[in-house]
Every structure is written in structure tokens, then in C-alpha cells.
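See structure below.
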Amino acid sequence: MSAFDPPLSGPNAPNRGTDVFGTLYLGTPLIEVAGAVVIAAVDVPAGEDDWTKPLTEEHPRPVVLVHGTFGNRGYTWTSAAPLLRQHGYRVFRLDYGQYGNPLIFGLGDIKRSARQLGEFVDEVLRRTGAQQVDIVGFSQGGMMPRYYLNALGGAPKVRTLVGIAPSNHGVTAQGLMNLARQITGAKELVEQGAVGTVVPAWPQLQHDHPFQRELAALGETTPGVRHTVIATAYDDVVTPYTSCALAPSEGVEVRNIVLQDLDPADRTPHVSMPYNATVLSEVLAALDG
């Protein structure tokens, strides 16, 4: 067993929760508390990735799933991973940005996290024999891969980047507070008043940080990579939600999707996006494109 397929942790039984409309998401950690959706459990078992399963002719590229801030390879992808496998994809998930908490990640220096992603992609390519991967990332996990692509030489190794509610132009301090208060473990950091000083990614995620300016200077998109962004108008973390979008670039395939353009009645907030059926349908469409 390598560092890229860690042992299971947490309880043996998956959690169940309801979204803001009472729709049941089996195997997800979402619950509704006082009218707000929260992540009630972060120690949802992730299981093994598809290291021993061969790629198929229909889907020759492995799919790398990249969680967001305060996320992990388990609870973030409880809906996406089985759906992708059901459609014949081989799925690989990493925990990146480890910093002082054994269960929630995406906390470390973002440049270092991008290097961790690059090492993981190299491991996936080496062990599967694939030439390229597709990346699906949520929140920070939809933004950080752009640094990997444009600053660390990752572009030739990636065909598709799908960002689910990605923080492509940074977030506000209030948006980060909103996120932390909805996730077990992160909420405790905020209540201690320590998160802004002890979590390296916290200031880097904010739109006025030098990291965000450097990322912007590298370019919003990457030649040779297909980009899809899926945003929600009810995002309470990445605000305004329109900041998720990537600017079109000549010769680069870019699709900016807003969930409510597909379903005007859908009020899904930020933390629920990786579990939303319409969102995951668009992920499949982007990978199949």
C-alpha cells in the first residue's frame, strides 16, 4: 500500500442527509440544520481507488478528483465517485494540503498543494499506463489545478479540467467563514479564532492575496486543456458566483455553466454542489465531450 492509497478511516457505515429541498442523498454527509446545509461528518470512509482496474477503450483517461478547502478524499466524493465508476471511469482521489488536522485537508500552502497534485498525477499515469488524466475539482480543488497546469508544467498531462463551484478568482474572508462554519472540524477552528493565522491557505484563497494575482497573471485557461466550470447562483462561499467563470480564450474550449440556467428552481448552495445530480450529470457530459 502506497501513500496514494491510504487505509480506510472513520465509521463503517455511510451517513445520510437531506438537501435544502429534503432530497435524500444516500451515502453523503449532508444534513440540514436550522435551514442551512452543513457537513455533519468528515470521517466518511473513502475506500480504495481503482489502482487494480484496467482502463477501458471507451474511457482511456483516469479521473482525478480534487477536494476543496476543509475537504478530504472521502466525504467530498461520496456521490461522484460511485457515479463515475458506474459509467465506466477509473477514479483516483488524493488528500492534499495537510496541515495540523488528520481529517480535513486543503489547508496548506496552495503552491505546495499544486505540487502534491502533480506528484499524484504522475503516480496515476505511471501505474495506469495512461498518457493523460481528466481532473474534476471542487472549490479550491477546481482552482488550484490551474497553478499546476500553468506554473508547474502539468498541461501536457491533463485533457479536461472540470471545476465545481471553483474559486477561480479568490473568495472573501466572509465567504471562507461561511464555509468553515458548515464543516465539522473547520467550525471549531473558526470558533477558536485561529484559522486565519494557522492555516496557510486561508489568506491565499482570498481575492486580494498575491497568490491570486500570480495565478491570474499565468492565464485563466490552458491551451490543449478543455475547461468546464459549473457554478451556482446560491453560492455562499465563492461570491459573487459569477467569479467562478473563466474568460474565454482563443483556441481553448471553455464552458461556463450556471446550475440555475439548467434548473431555475434549484437552490443548491456551495457545500452541496458535489452531491447535486444535475451538477454530476454535467460533469459526465464534460468528461464525455
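In this text, all values refer to a predicted model and were calculated from it rather than measured experimentally.
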**Prompt:** Any cation-pi pair here, Arg93 with Trp77, using under 6.0 Å and within 45°?
**Reply:** no
**Asked** Judged by modelled atom types alone, do Gln174 and Asn178 share a side-chain donor-acceptor pair under 3.5 Å?
**Response** yes
**Request:** Can you see which heavy atom on Gly106 is nearest to which on Ala201, and at what distance?
**Result:** O-CB, 3.8 Å
**Asked** Would you say the ring centroid of Tyr147 lies under 6.0 angstrom from that of Phe211?
**Response** yes
**Item:** Side chain proximity check, Asp266 to Asn276, heavy atoms < 4.5 angstrom
**Value:** yes
**Request:** Without swapping roles, check the side chain of Gln182 against the backbone of Val271 for a donor-acceptor pair under 3.5 Å.
**Result:** no
**Prompt:** Would Tyr75 and His67 satisfy ring pair (Phe, Tyr, Trp, His ring centres under 6.0 Å), going step by step from the backbone distance to the final call?
**Reply:** CA-CA 9 Å; Tyr75 86 79; His67 62 71; 8.2 Å; no
**Message:** Is any side-chain heavy atom of Gln131 closer than 4.5 Å to one of Arg61?
**Reply:** no
**Item:** Check against salt bridge (charged side-chain N to carboxylate O under 4.0 Å, His left out), Asp122 and Lys157
**Value:** CA-CA 8 Å; Asp122 286 346; Lys157 303 173 185 179; 2.7 Å; yes
**Request:** Determine, step by step, whether Arg267 and Gln260 satisfy the side chain to side chain contact (heavy atoms under 4.5 Å, CB included) criterion, reporting the C-alpha distance in whole Å, the side-chain angles of both residues, the deciding distance to 0.1 Å, and the verdict.
**Result:** CA-CA 8 Å; Arg267 298 171 63 90; Gln260 285 71 30; 5.8 Å; no
**Asked** Can you tell if the side chain of Gln98 reaches within under 4.5 Å of the side chain of Leu107, non-hydrogen atoms only?
**Response** no
**Prompt:** Given the rule in the salt bridge (charged side-chain N to carboxylate O under 4.0 Å, His left out) test, do Arg73 and Asp49 qualify, once you have shown the distances and angles that lead to the verdict?
**Reply:** CA-CA 10 Å; Arg73 63 188 291 273; Asp49 288 333; 3.1 Å; yes
**Prompt:** Does a donor on one side chain sit under 3.5 Å from an acceptor on the other, for Gln140 and Thr69?
**Reply:** yes
**Request:** Output yes when Asp109 and Arg112 qualify as a salt bridge under the 4.0 Å nitrogen-oxygen rule, no when they do not.
**Result:** no
**Message:** Is there a path of hydrophobic side-chain contacts, each under 4.5 Å between heavy atoms of I/L/V/M/F/W/Y residues, joining Ile110 to Ile135?
**Reply:** yes
**Prompt:** Linking I/L/V/M/F/W/Y whenever any side-chain heavy atoms sit under 4.5 Å apart, do Met143 and Val158 land together?
**Reply:** yes
**Item:** Residue pair Phe105 / Tyr96, side-chain heavy-atom distance below 4.5 Å
**Value:** no
**Item:** Residues which pass side chain to side chain donor-acceptor pair (under 3.5 Å) with Glu253, listed by chain and number, not counting sequence neighbours
**Value:** none
**Request:** Please assess Thr160 against Val225 for the test side chain to side chain contact (heavy atoms under 4.5 Å, CB included), listing each intermediate value before the final yes or no.
**Result:** CA-CA 5 Å; Thr160 306; Val225 177; 5.8 Å; no
**Message:** Quick check against the 3.5 Å criterion: does Thr184 have a side-chain atom that pairs as donor or acceptor with the backbone of Ile39?
**Reply:** yes
**Prompt:** Are Tyr241 and His270 close enough that their ring centres sit under 6.0 Å apart?
**Reply:** no
**Prompt:** Is there a side-chain contact between Thr222 and His227 (heavy atoms, below 4.5 Å)?
**Reply:** yes
**Message:** Between Arg115 and Glu119, does any side-chain N to carboxylate O distance fall below 4.0 Å?
**Reply:** no
**Asked** Judged by modelled atom types alone, do Thr278 and Asp263 share a side-chain donor-acceptor pair under 3.5 Å?
**Response** no
**Message:** Could you check whether Asp134 pairs with Arg159 (Lys NZ or Arg NE/NH1/NH2 to Asp/Glu carboxylate O, under 4.0 Å)?
**Reply:** no
**Request:** Would you check if the side chain of Asp50 reaches a backbone N or O of Val91 as a donor-acceptor pair within less than 3.5 Å?
**Result:** yes
**Request:** Among Glu214, Gln116, Gln204, find the one that has a side-chain hydrogen bond (donor to acceptor under 3.5 Å, both in side chains) with Lys111.
**Result:** Glu214
**side chain to side chain contact (heavy atoms under 4.5 Å, CB included) between Val136 and Leu287, worked out** = CA-CA 9 Å; Val136 178; Leu287 296 176; 4.2 Å; yes
**Prompt:** Would His169 and Glu220 count as having a side-chain donor-acceptor pair, cut-off 3.5 Å?
**Reply:** yes
**Prompt:** If you take all heavy atoms of Val254 and Ala247, which pair is closest and at what distance?
**Reply:** CG2-O, 4.4 Å
**Euclidean distance, Asn72 CG relative to Ile104 CD1, rounded to 0.5 Å** = 9.0 Å
**Prompt:** Is any side-chain heavy atom of Thr128 less than 4.5 Å from a side-chain heavy atom of Arg90?
**Reply:** no
**Request:** Answer whether the closest heavy-atom distance between the side chains of Asp236 and Pro269 falls below 4.5 Å.
**Result:** yes
**Message:** In the structure I gave you, are the side-chain heavy atoms of Pro166 and Val229 within less than 4.5 Å of one another anywhere?
**Reply:** yes
